[in-house]
Amino acid sequence: MLNADLLKPRPSLTHPGLIARAVEALGQSAGSSAEIWRRLTESYAVDLDAVATLLPCAEPEPLWLTTREPSRRR
């Protein structure tokens with residue numbers, strides 16, 4: 001998490017349209033959603049729930065079970 005200097009004022013973004021524009025602008029130069037989050041929270045005080053609705057959800061990789069051969073009884 002950001003080690004923010006609480007005494008340094010940052011502009012706040014609360015309007016969904018402005019947040020969407022900022023996310024779009026940062027997304028053009030950022031390599032990942034995590035980078036967008038970092039840049040956005042370093043530069044602005046934002047409504048994190050509104051940002052979360054705009055960014056794609058990171059789906060976990062599926063864990064595939066290894067196939068088991070049925071035991072053969074003789």
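- Closest approach of E42 and R10 over heavy atoms only: O-CD, 3.6 Å.
- The CZ atom of R38 sits 9.0 Å away from atom OG of S32, with the distance rounded to the nearest 0.5 Å.
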Item to check | L13 vs D47, side-chain contact (heavy atoms from CB on, under 4.5 Å): CA-CA, chis, key distance, verdict | outcome: CA-CA 7 Å; L13 285 178; D47 180 358; over 6 Å; no
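- Every residue was checked against the side chain to side chain contact (heavy atoms under 4.5 Å, CB included) condition with A25, not counting sequence neighbours, and none meets it.
- The heavy-atom pair separating E35 from A30 by the smallest distance is CG-CB, 3.5 Å.
- Residues T41 and V51 have side chains not in contact (no heavy-atom distance under 4.5 Å, counting atoms from C-beta outward).
- Nearest approach of L40 to A22, heavy atoms of both residues: CD1-CB, 4.0 Å.
- Residue pairs satisfying the side-chain hydrogen bond (donor to acceptor under 3.5 Å, both in side chains) criterion with at least one member in residues 11-29, sequence neighbours excluded, are listed as follows: S29-R39.
- With rounding to the nearest 0.5 angstrom, the CG atom of L54 is 11.0 Å from the CG atom of D49.
- Side-chain contact between I19 and Y44: absent, with no pair of heavy atoms (C-beta onward) separated by less than 4.5 Å.
- Nearest heavy atoms, S43 versus P11: O-CD, 3.5 Å.
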